[in-house]
Colleague: 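First the structure, which I've put down as structure tokens, then a few questions once you've had a look.
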Amino acid sequence: MRNTNQETRPTLVTGGTGKTGRRVAERLRDLGRPVRVGSRSGTPPFSWEDPTTWEPALKGVGDLYLSYQPDLAVPGAPETVGRFARAAVDLGVRRIVLLSGRGEEGALAAERAVAGAGAEWTVVRCSFFAQNFNESFLVPQVLAGEIALPVGGVREPFVDADDIADVAVAALTGKVRAGSVHELTGPRALSFAEAAAEISAATGRAVRYTELTHEAFAAALAQEGVPPELGDLFAAVLDGRNAYTADGVQEVLGRPPKDFAAFAREAAATGVWTP
């Protein structure tokens, strides 16, 4: 493990304005480490769709937090991630921390591609983000008082993005054994109806879950311009395959993961769910 106080090369955080990347960048800066945000608005600009932006973003970088958009399950994503990881190694990147997803074949292929790129690597494999309820596509539904999804009573151990960022930063700063996979979840699995009940308790206003057909869900995503592959992925991974908890947060951080009820109280306090 190297002395992070002597680290001078920046860490590139792809998706550095997103749910996990923003938190990773903030924590690294708090540790006094230089950070380069990989986004279209970054300096230099970075885009997954434009490979000509890759080398300028990677030049001079020491470590890499790799968060692929829109999702590792999108066709071609593992190949793109593999090319990017190899380019990073060719340009001198020493350590790659990959944000991955549970129960996704595309994510597993991307994990293999990163592991074979030639750098030290760590995989942070995560369940459904709690922050999808307050920072992403479920916010309008919560505000409307109805979470409508095609998932029935399937349970999911929602993981908090702060826990993900804490684990990722531990890996980026050499506190995690290289070549390891850490599966991150919350401490208990809840159905979306139970998650709605927790949000209701935190906000003091009624929020319920309503079952939606897959066809209606796909149509709603299409109206929002979401790739159909993501709708298929949503239906696939929320089929019960990930209903169990994992102890990755405890293993890495020595503390339990944040419970969804605590997340809901913190989110409600920000006013994000106030109509």
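Any value given below was found using the heavy atoms of this structure, including those in side chains, with hydrogens, waters and symmetry copies removed.
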Colleague: Nearest 0.5 Å please: distance from the CG atom of Leu184 over to the CD atom of Glu251.
Modeller: 9.5 Å
Colleague: Do other residues, nucleotides or ligands put more than 12 heavy atoms under 6.0 Å from the CD atom of Glu79?
Modeller: yes
Colleague: Identify whether the distance between the nearest side-chain nitrogen and carboxylate oxygen of Asp162 and Lys19 falls below 4.0 Å.
Modeller: no
Colleague: Using the six-membered ring wherever Trp is involved, compare the ring planes of Trp48 and Phe84 and label them parallel, tilted or perpendicular (cut-offs 30° and 60°).
Modeller: perpendicular
Colleague: Please report the C-alpha distance between Asp160 and Gln131 in whole Å, then the side-chain angles of each, then the deciding distance to 0.1 Å, and finally whether the side chain to side chain donor-acceptor pair (under 3.5 Å) criterion is met.
Modeller: CA-CA 7 Å; Asp160 193 276; Gln131 275 71 17; 3.2 Å; yes
Colleague: Excluding sequence neighbours, so at least two apart, what forms salt bridge (charged side-chain N to carboxylate O under 4.0 Å, His left out) with Asp239?
Modeller: Arg241
Colleague: With salt bridge (Lys or Arg N to Asp or Glu O under 4.0 Å) as the rule and sequence neighbours excluded, what pairs involving residues 193-205 come up?
Modeller: Arg155-Glu194, Arg188-Glu198
Colleague: With rounding to the nearest 0.5 Å, note down the distance linking CH2 in Trp121 to CZ in Arg112.
Modeller: 11.5 Å
Colleague: Can you list everything that forms a salt bridge (charged side-chain N to carboxylate O under 4.0 Å, His left out) with Arg208? Sequence neighbours excluded, please.
Modeller: Glu146
Colleague: Between the main-chain N or O of Ser47 and the side-chain N or O of Trp54, is there a donor-acceptor pair closer than 3.5 Å?
Modeller: yes
Colleague: Apply the ring pair (Phe, Tyr, Trp, His ring centres under 6.0 Å) test between Phe260 and each candidate in Phe128, Phe192, Phe133; give the one that qualifies.
Modeller: Phe133
Colleague: With Arg95 as the cation and Tyr65 as the aromatic partner, state whether NZ or CZ is under 6.0 Å from the six-membered ring centre and within 45° of the axis.
Modeller: no
Colleague: Measuring from atom CG of Leu91 to atom CG of Leu64, what distance do you get when rounded to the nearest 0.5 angstrom?
Modeller: 11.0 Å
Colleague: Give a yes or no on whether a salt bridge exists between Arg9 and Asp63, defined as a side-chain N under 4.0 angstrom from a carboxylate O.
Modeller: no
Colleague: If you round to the nearest 0.5 Å, how far is CG of Leu172 from CG of Leu28?
Modeller: 6.0 Å
Colleague: Salt bridge or not between Arg265 and Asp259? Use side-chain N to carboxylate O under 4.0 Å.
Modeller: no
Colleague: Calculate, to the nearest 0.5 Å, the distance between atoms CG and OG1 belonging to Leu31 and Thr173 respectively.
Modeller: 6.5 Å
Colleague: Could you tell me which residues satisfy ring pair (Phe, Tyr, Trp, His ring centres under 6.0 Å) with Tyr209, sequence neighbours excluded, listed by chain and number?
Modeller: none
Colleague: Who pairs with Arg40 by salt bridge (charged side-chain N to carboxylate O under 4.0 Å, His left out), at least two apart in sequence or on another chain?
Modeller: Glu49
Colleague: Could you check whether Arg102 pairs with Glu183 (Lys NZ or Arg NE/NH1/NH2 to Asp/Glu carboxylate O, under 4.0 Å)?
Modeller: yes
Colleague: Would you call Arg22 and Glu135 a salt bridge, taking side-chain N to carboxylate O under 4.0 Å as the test?
Modeller: yes
Colleague: Could you give the distance from CG (Leu238) to CG (Leu149), rounded to the nearest 0.5 Å?
Modeller: 8.0 Å
Colleague: Looking at residues at least two apart in the chain, or sitting in another chain, which of them share a salt bridge (charged side-chain N to carboxylate O under 4.0 Å, His left out) with Glu111?
Modeller: Arg125
Colleague: Give a yes or no on this: more than 12 heavy atoms of other residues, nucleotides or ligands lie within 6.0 Å of atom CD of Glu55.
Modeller: no
